[in-house]
Protein chains: 2
Amino acid sequence: MTQKNIEKPRQRAPSQRSLQTKAKILDAAECLFADRGFEGASIRDIAARAGVQVGLVHHHGGGKEELFYQTVARRAGELARIRVETLEALQASGPLNLRDILDCFIRPYVTLALSGGDGWMAYGRLVAHVSVDPRWRDIAAEYFDPTAQRFIAEIAKLYPGTDPALLASGQVYSVSAMLAHLNSAWRVEALSKGGDLAQIDSLIAFCAAGIEAMISPPQG
Amino acid sequence: MTQKNIEKPRQRAPSQRSLQTKAKILDAAECLFADRGFEGASIRDIAARAGVQVGLVHHHGGGKEELFYQTVARRAGELARIRVETLEALQASGPLNLRDILDCFIRPYVTLALSGGDGWMAYGRLVAHVSVDPRWRDIAAEYFDPTAQRFIAEIAKLYPGTDPALLASGQVYSVSAMLAHLNSAWRVEALSKGGDLAQIDSLIAFCAAGIEAMISPPQG
DNA sequence: GTCTATAATGAGATAGAC
DNA sequence: GTCTATCTCATTATAGAC
């Protein structure tokens with residue numbers, strides 16, 4: 001039943017307590033890396049927040065950089081799976097338009113962030129750090145690019161002959177807007193005193209109309 | 001002729017050499033803060049890149065956090081001035097539509113980044129850090145919000161009665177897309193092998209159409 | 001203003017007992 | 001696996017000569 005990657009033969013499975021400890025460490029690392037970035041979060045802060053000893057963070061994390069990778073990787077697989085499953089489920093019900101495809105990409109993530117617990121919300125801030133910093137380009141290439149490529153390919157089917165760079169730009173702009181939607185509520189509030197926050201449908205409408213406008217500019 | 005802020009009475013104006021040293025320090029800080037974030041860039045790295053001693057960075061910067069503020073502030077005033085002047089110049093020639101207004105906000109920045117020297121390009125990455133991290137909300141409120149408010153107000157004139165939060169969200173999404181345009185060329189390249197990069201007009205089209213779609217959703 | 005030198009702290013990482 | 005204790009190094013910041 002388990003489909004965990006088995007890289008090396010182990011004597012035995014990790015104990016229940018070990019798994020819990022590792023989860024606590026990843027939870028703490030996720031939150032602190034998200035809030036303060038890689039250098040801004042110290043191993044000691046992470047250990048303190050997880051309620052464990054400093055040495056344990058090294059034992060489970062295998063160094064700070066490796067811990068950062070693990071923190072990003074933990075939810076990346078599940079997110080990619082949900083996105084693709086959502087896409088394929090909707091495709092089974094008929095042909096999709098641009099907005100449908102973007103909806104399958106954006107809505108699962110935003111929904112998880114808003115109702116999947118603090119971890120998923122922090123993960124959005126973490127991904128924002130990864131997206132901004134070329135230093136983490138390997139992480140982005142490994143965990144995010146495959147899904148992004150898949151969705152770009154779906155969009156390309158709708159607009160054959162379109163410059164791939166244009167579609168890629170639209171994807172990148174849309175991801176940045178999605179992350180801003182999740183992470184910049186404080187900015188929106190500062191700029192609009194007293195109004196309600198924009199909802200997810202507005203975000204998806206923004207991205208879909210934006211991509212359409214890029215691809216098919218007004219004639220003349 | 002000088003319009004520098006004079007906060008305290010000083011014996012004399014700073015020497016030419018002092019100004020050059022301070023500029024070198026701010027240049028180095030700008031680049032390193034932009035690349036590695038606040039904690040990721042050390043005073044020593046900044047001093048080394050500026051070609052000065054560690055003590056001088058403290059002398060001119062007044063501590064690391066104060067140096068970060070100064071680094072953001074240095075170009076913020078000029079950027080805000082150019083944006084508003086561009087807007088008012090275009091307004092003098094006739095009524096503006098949404099795309100015109102966004103053009104006045106986005107194009108000056110992107111143009112400076114692409115042709116105004118390495119400093120302005122690095123500044124885009126620096127602003128991205130400020131925009132992501134609530135820790136710097138005071139900086140954003142002081143240096144970026146007034147201009148953003150001005151442009152939001154102009155857009156609001158075009159769509160009276162629109163929810164202010166919707167306009168603020170559109171502004172935040174647009175800024176995030178603009179920063180992605182400047183900072184995420186590496187991501188676009190990874191997602192579109194070999195194609196040309198999208199140009200600034202595509203970005204503005206993306207933002208304008210996105211905002212229009214948010215404000216006036218398709219009926220039905 | 002500039003430079004050298006150093007203080008004071010916090011960082012990541014590890015060793016070894018249990 | 002977990003914990004305590006420690007090592008080693010880089011960091012910010014400052015003091016004081018020039």
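What you see is a predicted model; the values in this text were computed from it and never measured. Chain letters run A, B, ... following the sequence lines, proteins first, then strands; residues in each count from 1.
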Report the distance from atom [atom1] of [X] to atom [atom2] of [N], rounded to the nearest whole Å.
| X | N | atom1 | atom2 | value |
| --- | --- | --- | --- | --- |
| K24(B) | dT2(C) | NZ | C1' | 11 Å |
| Q20(A) | dT2(D) | CD | C1' | 14 Å |
| K22(B) | dG1(C) | NZ | P | 9 Å |
| E66(A) | dG12(C) | CD | P | 16 Å |
| L56(B) | dC3(C) | CG | C1' | 7 Å |
| F33(A) | dG12(C) | CZ | C1' | 12 Å |
| R36(A) | dA11(C) | CZ | C1' | 14 Å |
| E39(B) | dG10(C) | CD | C1' | 13 Å |

Please tell me which of the listed nucleotides, [options], lies nearest to the side chain of [X]?
| X | options | result |
| --- | --- | --- |
| H59(A) | dC3(C), dT4(D), dG1(D) | dG1(D) |
| H58(B) | dA13(D), dG1(C), dG12(C) | dA13(D) |
| S42(A) | dT2(D), dA13(D), dG12(C) | dG12(C) |
| Q53(B) | dG1(C), dC3(C), dT2(D) | dC3(C) |

- Item | Taking every non-hydrogen atom, the tightest pair across A180(A) and V172(B) |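 Smallest heavy-atom distance, with atoms named: CB-CG1, 4.0 Å.
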- Message: For D118(A), I'd like to know if atom CG has over 12 heavy atoms of other residues, nucleotides or ligands within 6.0 Å.
- Response: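 Atom CG in D118(A) is not crowded, with 12 or fewer foreign heavy atoms closer than 6.0 Å.
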Looking at [X], does any N or O in its side chain come under 4.0 Å of the phosphate oxygens OP1/OP2 on [N]?
| X | N | answer |
| --- | --- | --- |
| T21(B) | dT2(C) | yes |
| S15(A) | dG1(D) | no |
| R17(A) | dT2(D) | yes |

- Item | Distance-only polar pair, side chains of E66(B) and Q70(B), donor-acceptor under 3.5 Å |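 Yes.
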- Sugar-phosphate only, base, or nothing, as touched by H60(A) at under 4.0 Å among non-hydrogen atoms: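 The answer is sugar-phosphate, as H60(A) gets under 4.0 Å only of primed atoms, P, OP1 or OP2.
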- Are the side chain of S18(A) and the backbone of P14(A) linked by a donor-acceptor contact shorter than 3.5 Å?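 No, S18(A) side chain to P14(A) backbone: no donor-acceptor pair under 3.5 Å.
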- Message: With a 3.5 Å cut-off and heavy atoms only, can you find an N or O donor on one side and an acceptor on the other between the side chain of R44(A) and the base of dG10(C)?
- Response: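 Under the 3.5 Å cut-off, the side chain and the base do not form any donor-acceptor pair.
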- Task: Please test Y173(A) against Y173(B) for ring-ring contact (aromatic ring centres under 6.0 Å, His included), starting from the C-alpha separation and ending with a verdict.
- Result: CA-CA 9 Å; Y173(A) 298 164; Y173(B) 299 163; over 10 Å; no
